[in-house]
Amino acid sequence: MALIVQKYGGTSVGSVERIQAVAQRVCKTVIAGHSLVVVLSAMGKTTDGLVKLAYEISQNPNSREMDMLLSTGEQISIALVSMALQELGHPAISLTGAQVGIVTEADHTRARILHIETQRIQRHLNQNKVVVVAGFQGITRTEELEITTLGRGGSDTSAVALAAALHADFCEIYTDVPGILTTDPRLVPEAQLIDQITSNEMLELASLGAKVLHPRAVEIARNYGVPLVVRSSWTDEPGTWVISPAPRPRALVNLEIARSVDEIEFDTNQAKVSMLRVPDKPGVAARLFGEIARQNVDVDLIIQSIHEGNTNDIAFTVMAPILKKAEAVAQAIAPVLRSQKATENEEAEVMVLPNIAKVSIAGAGMIGRPGVAAKMFATLAEAGVNIQMISTSEVKVSCVIDNADCDRAVASLRTAFEIEEDKGNLTLPPSLPPSLPHSLSPSLPHSLPPVRGVALDMKQARLAIRQVQDRPGTAAKIFGLLAEHNISVDMIIQSQRCRMMNGIPTRDIAFTTARIDAQVAQKMLQQSAAEYGWGEVVLDNDIAKVSIVGAGMVGQPGIAATMFEALSQHQINIQMIATSEIKISCVVAQEEGVKALQVIHTAFGLAGSQSIQVPA
Ligand code: ADP
Ligand code: ASP
Ligand code: MG
């Protein structure tokens with residue numbers, strides 16, 4: 001007999017018929033001898049409807065009242081599903097987040113779970129009841145007992161947190177698609193089902209726009225080793241397992257805000273190649289990285305900064321021993337990339353930096369916590385370390401720095417994040433539920449496909465800060481300011497080109513952020529411009545971010561080239577590039593986003609012959 005947490009999403013409880021179907025499935029599980037906690041979303045598009053109502057009353061609705069309003073949606077579905085279960089002859093009881101004791105921070109509309117009281121649920125389970133819990137909501141610990149919500153899509157997070165707190169055998173997320181697919185089937189009907197995916201890959205995909213799972217749910221699953229499966233509530237297909245490594249022991253307090261960084265990593269054997277002033281037109285990145293792949297040069301990080309005039313800069317890092325080869329490729333291709341109209345000082349130029357190091361903070365707990373990266377930048381600044389390149393992902397922030405600074409950087413990061421030296425990696429096998437078929441046991445990295453999935457985020461904006469002084473502490477200031485306002489950023493890119501302003505070298509820094517935060521960010525950075533000595537802050541809302549994710553792309557030359565080539569063939573211009581070990585993201589024009597997603601998905605051979613049917 002297992003203890004299972006099942007979560008049903010909005011479409012899955014969208015009508016009386018669907019609620020009855022859910023009750024049937026729940027009954028089946030109980031009859032099979034399992035104990036069950038059911039977590040529900042609001043019916044269908046109820047939450048969207050409530051949001052719309054709020055905005056009809058106010059342009060800027062109070063966030064406390066917003067939580068009061070939105071939390072009602074789930075209260076309807078839990079009552080109805082409990083009734084449906086009782087109709088089928090099964091004892092069931094519905095509980096709100098407050099009644100369970102899902103204790104969160106007081107941060108309305110995006111509260112994090114601190115801990116979950118399990119006594120009441122346990123009591124009802126011992127009475128053989130199915131406990132039906134409202135997802136997405138919690139309560140503050142303060143005497144006021146304020147109702148909070150976790151953020152849109154947050155029922156997944158409620159479910160996985162409950163599974164962790166109850167030490168459930170596994171957590172099942174029932175939704176309107178057969179599982180996790182290679183991309184969103186609403187945009188690419190030929191998307192294929194993935195039978196298993198690592199939690200790191202899923203964290204990236206979820207944060208880069210794949211809304212099938214709330215990223216924070218994946219974070220909790222990874223940190224607490226909760227076996228997690230995504231399945232269709234329409235069929236009995238097995239769905240997709242999210243595989244997590246064996247977790248380090250963690251207390252069940254401060255569940256979502258405990259230690260965010262587990263490891264400090266570094267690599268002193270790196271070198272950087274920059275191509276300055278390449279033409280800003282489709283096909284340039286494809287040509288460069290196509291040639292690099294043909295020469296079998298494996299690149300690590302790639303960045304392409306925002307363009308100044310009509311040219312771009314592209315930089316990449318390689319392992320130091322292959323620098324000469326990489327430089328030769330770049331030198332050979334530079335003349336080909338020169339634009340006909342370029343004057344002499346506008347011509348493409350190759351620059352190499354042989355002695356660089358990469359330092360990273362790693363851990364699952366950085367999502368929506370911009371203060372973590374800001375703390376890294378501030379720590380490096382205090383140690384007098386200048387940051388040359390930044391690469392961000394959901395589980396890692398890496399900075400490229402001068403090799404000579406590496407020891408100092410690592411020591412100060414270890415102190416700041418309280419990480420002991422040489423903890424050693426845990427190599428225990430991942431935790432899997434007993435029901436997982438043997439054929440699905442986790443694969444070793446060598447058998448991982450290079451690209452697991454493709455995601456599109458159409459809700460991003462880009463901000464560019466002009467003429468930022470190039471010296472230690474700059475990134476710390478900018479991202480510290482943003483973190484103070486709880487604004488998360490991605491794709492942080494500094495231009496490779498340096499411009500002297502009053503005798504001080506300056507660069508442009510661009511980054512992407514959620515569009516809803518962009519205006520506030522722009523205003524705030526603009527207000528600080530005089531104080532910190534940077535220039536104009538430019539906002540572009542018309543962007544789309546398209547990303548490929550796969551743990552198997554490590555050490556596989558040619559993956560980036562394939563992505564860039566697919567875009568080039570369809571005349572889609574790449575405005576920005578940023579990579580981490582397991583993802584490559586490109587910013588393109590908003591109107592080309594869907595097309596970009598489709599052509600990249602096809603280019604990696606991810607499309608199946610059958611279309612996925614998605615309920616309306
Ligand atoms: P629920 O209400 O069940 O939580 P959501 O709408 O939040 O459902 O998430 C499911 C939707 O996620 C699917 O209908 C699909 O359109 C979308 N989606 C985006 N990317 C993916 C992906 N890679 N795999 C599966 N579904 C995806
Ligand atoms: N009902 C909430 C929303 O629509 C939570 C969820 O469905 O996960 O965002
Ligand atoms: Mg959802």
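Counting starts at 1 for both ligands and their atoms, in listed order.
When non-hydrogen atoms are compared, ligand 2 lies under 4.0 Å from the side chain of Glu74 (C-beta onward) but not from its backbone.
A heavy-atom separation below 4.0 Å is not found between Gly135 and ligand 2. Put simply, no part of Gly10 is less than 4.0 Å from ligand 2, judged by heavy atoms.
The shortest non-hydrogen separation linking Val588 to Ile572 is CG1-CG2, 3.7 Å. Taking each heavy atom of Ala206 and Leu213 in turn, the nearest pair found is CB-O, 3.4 Å.
Within the cation-pi definition used here (under 6.0 Å to the ring centroid, within 45° of the axis), Arg231 does not qualify as a partner of Trp241.
The ligand atoms of ligand 2 that sit less than 4.0 angstrom from a heavy atom of Ser41 are 6 (C), 7 (O), 8 (O). Interface of Thr47 with ligand 2, defined as ligand atoms under 4.0 Å from a residue heavy atom, comprises 1 (N), 2 (C), 3 (C), 4 (O). Close approach to Gly154 involves these atoms of ligand 2, each under 4.0 Å from a residue heavy atom: 5 (C), 8 (O). For ligand 2, the atoms sitting less than 4.0 Å from at least one non-hydrogen atom of Gly153 are 3 (C), 5 (C), 6 (C), 8 (O), 9 (O), numbered in the order shown with element in parentheses.
Relative to atom 9 (O) of ligand 2, the option among Arg152, Gln137, Lys211 with the closest non-hydrogen atom is Arg152.
The shortest N or O to N or O distance between Asp156 and ligand 2 is not below 3.5 Å.
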Check ligand 1 against the protein and report each N/O to N/O distance under 3.5 Å, formatted as atom name, atom name, distance.
{"from": "ligand 1", "atom 1": "2 (O)", "to": "Gly10", "atom 2": "N", "distance (Å)": "3.0"}
{"from": "ligand 1", "atom 1": "3 (O)", "to": "Thr175", "atom 2": "OG1", "distance (Å)": "2.6"}
{"from": "ligand 1", "atom 1": "4 (O)", "to": "Lys7", "atom 2": "NZ", "distance (Å)": "3.0"}
{"from": "ligand 1", "atom 1": "6 (O)", "to": "Lys211", "atom 2": "NZ", "distance (Å)": "3.2"}
{"from": "ligand 1", "atom 1": "8 (O)", "to": "Thr175", "atom 2": "OG1", "distance (Å)": "3.2"}
{"from": "ligand 1", "atom 1": "14 (O)", "to": "Asp176", "atom 2": "OD1", "distance (Å)": "2.8"}
{"from": "ligand 1", "atom 1": "14 (O)", "to": "Asp176", "atom 2": "OD2", "distance (Å)": "3.4"}
{"from": "ligand 1", "atom 1": "14 (O)", "to": "Arg186", "atom 2": "NE", "distance (Å)": "3.3"}
{"from": "ligand 1", "atom 1": "14 (O)", "to": "Arg186", "atom 2": "NH2", "distance (Å)": "2.8"}
{"from": "ligand 1", "atom 1": "16 (O)", "to": "Asp184", "atom 2": "OD1", "distance (Å)": "2.7"}
{"from": "ligand 1", "atom 1": "16 (O)", "to": "Arg186", "atom 2": "NE", "distance (Å)": "2.7"}
{"from": "ligand 1", "atom 1": "23 (N)", "to": "Leu181", "atom 2": "O", "distance (Å)": "2.9"}
{"from": "ligand 1", "atom 1": "24 (N)", "to": "Leu181", "atom 2": "N", "distance (Å)": "2.9"}

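When only modelled atom types and interatomic distance are considered, Gln460 and Thr512 share a side-chain donor-acceptor pair under 3.5 Å. Gln6 and Arg25 share no side-chain donor-acceptor pair at under 3.5 Å.
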Set out, in order, the CA-CA distance, both residues' side-chain angles and the distance that settles side-chain hydrogen bond (donor to acceptor under 3.5 Å, both in side chains) for Ser393 and Glu204, then state yes or no. CA-CA 7 Å; Ser393 81; Glu204 296 287 355; 3.2 Å; yes
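Arg186 has a carboxylate O that lies under 4.0 Å from a charged side-chain N of Asp176, or vice versa, which qualifies the two as a salt bridge.
Atom CD of Glu56 is surrounded by more than 12 heavy atoms from other residues, nucleotides or ligands within 6.0 Å. More than 12 heavy atoms of other shown residues, nucleotides or ligands fall within 6.0 angstrom of atom CD in Gln569. Heavy-atom contacts from other residues, nucleotides or ligands closer than 6.0 Å to CD of Gln613 number 12 or fewer.
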